[in-house]
Amino acid sequence: MTTLHDLLEAHVGAGTVPGAVGVVARGDRVEIAAVGSQDVGGSVPMARDSIFRVASITKSVTAAALLILVEEGRTQVTE
C-alpha cells in the first residue's frame with residue numbers, strides 16, 4: 001500500500017486536480033495520503049481532514065456498497 005501517495009502525487013503533478021486525499025485499508029493496515037493543495041492557487045495545503053463538497057452522493061454510496069460486497073465475497077470485480 002505504499003504507492004498511494006505516489007499515485008495521488010502523479011495526478012496532482014499532471015494538473016488533473018489541485019490536491020487529493022486517499023485512504024486505503026487492508027485488514028489492520030490503513031494508509032492515508034494527502035497531497036497538493038485545497039485551492040487552485042496552491043495557498044492552502046491539502047490535509048488529512050480536509051472537507052470536500054460532493055455533488056453527486058449516489059456514485060459514492062454505490063461504490064462503497066459494491067466494495068463491501070466484494071470484501072464479503074458476495075460479488076467480484078472483473079476486467
ask   = Which residue pairs pass the salt bridge (Lys or Arg N to Asp or Glu O under 4.0 Å) test when at least one of the two sits in residues 63-73, sequence neighbours left out?
value =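 Qualifying pairs: Glu72-Arg74.
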Pairs meeting criterion salt bridge (Lys or Arg N to Asp or Glu O under 4.0 Å) with involvement of residues 39-55, two or more places apart = none
Pro45 versus Gln38, closest heavy-atom pair with distance = O-NE2, 3.4 Å
query = Which heavy atom in Gly42 sits nearest to a heavy atom in Ser37, and how many Å separate them?
reply =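 Looking at all heavy atoms of both residues, the shortest contact is CA-OG, 3.3 Å.
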ask   = Listed by chain and number, what are the side-chain contact (heavy atoms from CB on, under 4.5 Å) partners of Ile57, not counting sequence neighbours?
value = Val54, Ser60, Val61
ask   = Who passes side-chain contact (heavy atoms from CB on, under 4.5 Å) against Thr62, sequence neighbours left out?
value = Thr58
List the atom pairs, donor and acceptor, that lie under 3.5 Å between side-chain atoms in residues 9-22 and the rest of the protein, sequence neighbours left out.
none

query = Is His5 close to Val35 at the side-chain level, that is, under 4.5 Å between some pair of heavy atoms?
reply = yes
pair Ile32-Val30: side-chain heavy atoms closer than 4.5 Å =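 Side chain of Ile32 against side chain of Val30, heavy atoms only: contact under 4.5 Å found.
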ask   = Under a single-linkage rule joining Ile, Leu, Val, Met, Phe, Trp and Tyr whose side-chain heavy atoms are separated by less than 4.5 Å, which residues share a cluster with Leu66?
value =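 Traced through the cluster, Leu66 reaches Val70, Val77.
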message = Quick check: is Leu8 connected to Val24 through a chain of hydrophobic side chains (ILVMFWY, heavy atoms under 4.5 Å apart)?
response =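 In one cluster: yes.
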Partners meeting side chain to side chain donor-acceptor pair (under 3.5 Å) with Thr75 (sequence neighbours left out) = none
